[in-house]
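Following: one structure in structure tokens, then a few remarks.
All ligand and atom numbering here is 1-based and tracks the order in the structure. The figures here come from the full heavy-atom set of this structure, side chains too, leaving out hydrogens, waters and symmetry mates. We number each residue from 1, following the sequence as shown.
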Amino acid sequence: MIASAPGKIILFGEHAVVYGRHALVSAINKRCRVKVKKAGDFRIKSRLGVTGLDFETHPYVSFAIKRFDEVADVKGADIEIESEIPIGSGLGSSAAVIVATLKALSAEFGVDLNNEEIFEIAKKVEIDVQGRASGIDPFIATYGGAWLFPERRRVDVPFSFFVVNLGEKSTAEMVSKVAELKNRHPEVVEKIFDAIDLISLEASRNMGDVEFVNELIALNQSLLRAIGVSTPEIDELIARFERGGLVAKITGAGGGGCVFGIYTGKKPEGSMIVECETEGVRVEEE
Ligand code: MEV
């Protein structure tokens, strides 16, 4: 069986959402496809290589199998992963691979899991690998669409986005970097999270207004820089965009990964254009 799940773009609120603040997130039209076939043993094939059950090379898929094994007895499976979502870039490739794997496993092994069950298992897998996580990535990979968290309110996002990938980063590392800063300066960091919270809320109420949303993108980026998840390379790129009249921010954990802005017909060199996606995880035709 083949299943696919979309990546995501965090428009506002990354990191702050880990501490209960609002975030605004949309699924994007880049998907991860996972093919699962019953077998005598485990074999996982992806861009990262060919392995058995391997918690180093394929941690997300391996933990997904381990968690799925709690609801169904899985002796072995041949698993092939193809993804349009760049790995470790902040576009939700990890959550998409977890969710698509769970859906393909449930279809192949005849276990009826609804979306909420898939999301709940995927959230556990994300925590197995990363430690602390808000759960927004697996939620979006499961349900698709654009949402305000934590209340799960649908938001209409009438834009497409340009995205520049500055290379791989580790979400777990960035999340613990923010946790350390918060331990050293709890009151300051809480206030920054509060400001990010208000940005996400304001954006959710004014999504149609490009100028207003761009102001919020610039504000959110400054606050991400304040909590230490930007890099000199990201700062330079954003400054270059600003000189050309474009506004951009990190999406996801930062420390590298992707920077995005609203696409209004000007496509920066080396960028890709992504559209919002309404459909979440699905079983594909063979
Ligand atoms: C990662 O895509 C987003 C973070 O806010 C972590 C999380 O929400 O789990 C950095």
Discussion item. Taking the basic N atoms (NZ, or NE/NH1/NH2) and the acidic carboxylate oxygens, is any pair closer than 4.0 Å for Glu70 and Arg67?
Written reply: yes
Fill in: Selection residues 14-24 - residue pairs positive for side chain to side chain donor-acceptor pair (under 3.5 Å), sequence neighbours left out
Glu14-Lys249, Arg21-Glu190, Arg21-Asp194, His22-Glu151, His22-Asp197
Item to complete: Before accepting this row, confirm whether a basic side-chain N of the pair Arg152/Glu116 lies closer than 4.0 Å to the acidic partner's carboxylate O.
Response: yes
Discussion item. I'd like to check the ring-ring contact (aromatic ring centres under 6.0 Å, His included) partners of Tyr143; sequence neighbours left out, ordered by chain and number.
Written reply: Phe139
Worksheet item: Atom NZ in Lys75, atom CZ in Phe42: separation rounded to 0.5 Å?
Response: 9.0 Å
Worksheet item: Do any pairs count as a ring pair (Phe, Tyr, Trp, His ring centres under 6.0 Å) and have a residue in residues 211-266, sequence neighbours left out, and if so which ones?
Response: Phe161-Phe260, Phe162-Phe241
Atom pairs and distances, ligand 1 N/O vs protein N/O under 3.5 Å:
{"residue": "ligand 1", "atom": "2 (O)", "partner": "Lys8", "partner atom": "NZ", "Å": "3.0"}
{"residue": "ligand 1", "atom": "2 (O)", "partner": "Asp137", "partner atom": "OD1", "Å": "3.4"}
{"residue": "ligand 1", "atom": "2 (O)", "partner": "Asp137", "partner atom": "OD2", "Å": "3.0"}
{"residue": "ligand 1", "atom": "5 (O)", "partner": "His15", "partner atom": "N", "Å": "2.9"}
{"residue": "ligand 1", "atom": "8 (O)", "partner": "Ser134", "partner atom": "OG", "Å": "2.5"}
{"residue": "ligand 1", "atom": "9 (O)", "partner": "Ser134", "partner atom": "N", "Å": "2.9"}
{"residue": "ligand 1", "atom": "9 (O)", "partner": "Ser134", "partner atom": "OG", "Å": "3.4"}

